[in-house]
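Here the structure comes first, spelled out in structure tokens, and everything after it is commentary.
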Amino acid sequence: MYISNLIPLFTAKQTKEDAIEMEKYMRDKFPFLGIRAPERKVILRDFYQESNILKEPFQVDFVASLWEQAAREYQYAGVDYIERSLKKLEKEHLLLMEKLIITKSWWDTVDLLAQKAVGKIAKDHPEVIPETIEGWATSDNIWLQRTAILFQLKNKGNTDEELLYHYIQLHNDSNEFFIQKAIGWALREYSKTNPASVKRFIENNELAKLSVREGSKYLD
């Protein structure tokens, strides 16, 4: 019911010229309707108000159906709905997040799922780290690897430093751009909380130049 209500709202606002530009920006990995973020937010605001979906329990089927749609805006809608429903996420929803991360994968959805949804579930249920996220860190899927590196991104003083550095060290010799970038991003963010520790880690470990450059941005 929810997806059938949202589809006509999106299709009514599609713009071919913007779609071409958006597809080009995203390296033609996904088709777009051509709905830019401000307009998409207005559509979703109206959809939430009319459907009352945010007052319902977390709708797994709705998210899954959004991921099945071809146009990228639907995956953005899924991420938006998840962000607005973080308080409803439970341990069992981590399986859904894993499916979303490895399906239609790219940084624009994976990064938000990692630091918001996965981060929230791991904070509330830390047992998922050894049970599941540890397996992501050692998997062959770069987006699961990236998620393992980034899921503590907003933890600040509650960051498990040993775990963060462990996951980074698993991939410090990676040639994959998105892994090198994730390592640098995670180090840069943690350096806001513990710059001395990050500085020592960078000095004492062999990291890619990109990771060092990104991770050192806030260091003296």
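Keep in mind that what you see is a predicted model, and the values were worked out from it rather than measured.
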Contacts of type ring pair (Phe, Tyr, Trp, His ring centres under 6.0 Å), residue Tyr76, not counting sequence neighbours: none
Ring centers of Trp107, Phe177 separated by less than 6.0 Å: no
Set of ring pair (Phe, Tyr, Trp, His ring centres under 6.0 Å) partners for His171, sequence neighbours left out: none
Flag side-chain contact, heavy atom, 4.5 Å: Phe30 against Met22: no
Side-chain heavy atoms of Tyr25 within contact of Asp108, under 4.5 Å: no
Beyond-backbone contact of Thr109 with Lys104, side-chain heavy atoms, under 4.5 angstrom: no
Heavy-atom check, side chain of His125 versus side chain of Leu94, under 4.5 Å: no
Within the 6.0 Å centroid threshold, strictly below: Tyr74 and Phe47: no
Ring geometry between Phe151 and Tyr167 (parallel below 30°, tilted from 30 to 60°, perpendicular above 60°): tilted
Partners meeting salt bridge (charged side-chain N to carboxylate O under 4.0 Å, His left out) with Glu83 (sequence neighbours left out): Lys116
For Trp136, all residues meeting ring pair (Phe, Tyr, Trp, His ring centres under 6.0 Å), sequence neighbours excluded: none
Qualifying residues under salt bridge (charged side-chain N to carboxylate O under 4.0 Å, His left out), relative to Glu176, sequence neighbours excluded: none
Flag for Glu161-Ser197: side-chain donor and acceptor within less than 3.5 Å: yes
Distance in Å, Ile183 CD1 paired with Ser174 OG, rounded so as to fall on 0.5 Å steps: 7.0 Å
Exercise: do Gln152 and Asp160 side chains pair donor with acceptor under 3.5 Å: no
Aromatic plane relationship, Trp106 with Phe178 - under 30° parallel, 30 to 60° tilted, over 60° perpendicular: perpendicular
For Lys156, all residues meeting side-chain contact (heavy atoms from CB on, under 4.5 Å), sequence neighbours excluded: Thr193
